[in-house]
Amino acid sequence: MQLGQLKKICLSSVATLSLLAAGVLSAAEVNVYSAREENLIKPILDRFSEQTGITVNLITGGADELITRMELEGANSPADLLLTVDVGRLHRAEAMGLLQPVESEVLTSQIPEQYRDEDNRWFAVSLRSRVIVYDKERVDPAELSTYEDLADPKWAGKVCIRSSSNIYNQSLTASMVSHHGAEATEEWARGLVANMARNPQGGDRDQIAAVAVGQCGLAVVNTYYLAGMLNATSSDQVEQAQAVAVFWPNQDGRGAHINVSGAGVSEHAPNRAEAIQLLEYMVSDEAQTWYAEANNEYPVRTDVPVSDTLASWGEFKADPLALDELGLHNAEAVRVMDRAGWR
Ligand code: FE
């Protein structure tokens, strides 16, 4: 750039804008690698840009694909913030050295300790529980109690649950490993497999649909899938969702299994300060309310109200297990499920 050009920048904001447009100068920006669908995240990113003037470049992809991409890009990765679901994945990214610690008073004061990494390399922004949904016509909820109980022979041929390759089931099983050890968890998984109404197939919505048509009596699913179906535009989905009810497991014990969506600042973030600013924005009142409602999740902040659908299921006791444990026991959980014949 010529000296003359520099003077013009100082003298004229119009000149600055045109240089920005021409790409000669760069404005503040942040690059987000997001495993969440664009429509679930874009509106709050736009709002952040409006308020801060920071441009958000959004790259959307599958979680494992984005993590692999960050690994391959190494120190040259443009990624500033990784946004994904399930602590099993956040832990994986952390273990691969892809996330850096962040010291932020905002994040540590707003996010309960169990919902952030102990080294502050990832932070939850929303919560979901993995619950039991049951056929309102054919299953007496008084018969239901715990995840452990799903291995009881009284549920033979009644249980629908998706495959063991699914990270949500891996995390649920990892929580069992953390609470009971691998051996007891394997025994539980064998009992669960023996009670399956059919070989694992489809996603969580498919399990709800299978309960609705009487193929199984109960299913294990994430809360937002049921809430999404209840609020769907398709009347078929609404009807299927209305055929089932939520049962909160383990309420007399440790509480229902919790997982998260969350984010971490990339190890090589070229725009570290902006990434932290965005992460802090995600726990603001405005972002928490919108983000949780958009995907029917629970806000990570306890002082932000839940959506009407979630409120209709009542309050529940959540397993206080530190979520790091789910990542730490993931590999063991996968081996346990495999040995138990959970396909
Ligand atoms: Fe999901």
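The structure displayed is predicted, hence computed values, not measured ones. For ligands, and for the atoms within them, numbers begin at 1 and follow the listed sequence.
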K.L.:
Taking R254 for the side chain and P320 for the main chain, is one N or O donor matched with an acceptor at less than 3.5 Å?
P.N.:
no
K.L.:
Ring centres under 6.0 Å, that's the criterion: do F247 and F316 meet it?
P.N.:
no
K.L.:
Are R162 and Y168 in a cation-pi contact, defined as NZ or CZ under 6.0 Å from the six-membered ring centre and within 45° of the axis?
P.N.:
no
K.L.:
NE2 of H329 to OG1 of T185: how many Å apart, nearest 0.5 Å?
P.N.:
9.5 Å
K.L.:
Whether the N271 and E29 side chains hold a donor-acceptor pair (N or O, under 3.5 Å, no angle test) is what I'd like checked.
P.N.:
no
K.L.:
Near the Fe ion (ligand 1), meaning under 2.8 Å, how many protein N/O/S atoms are there?
P.N.:
3
K.L.:
Any donor and acceptor pair, going by atom type alone, linking the side chain of N195 with main-chain N or O of D152 inside 3.5 Å?
P.N.:
yes
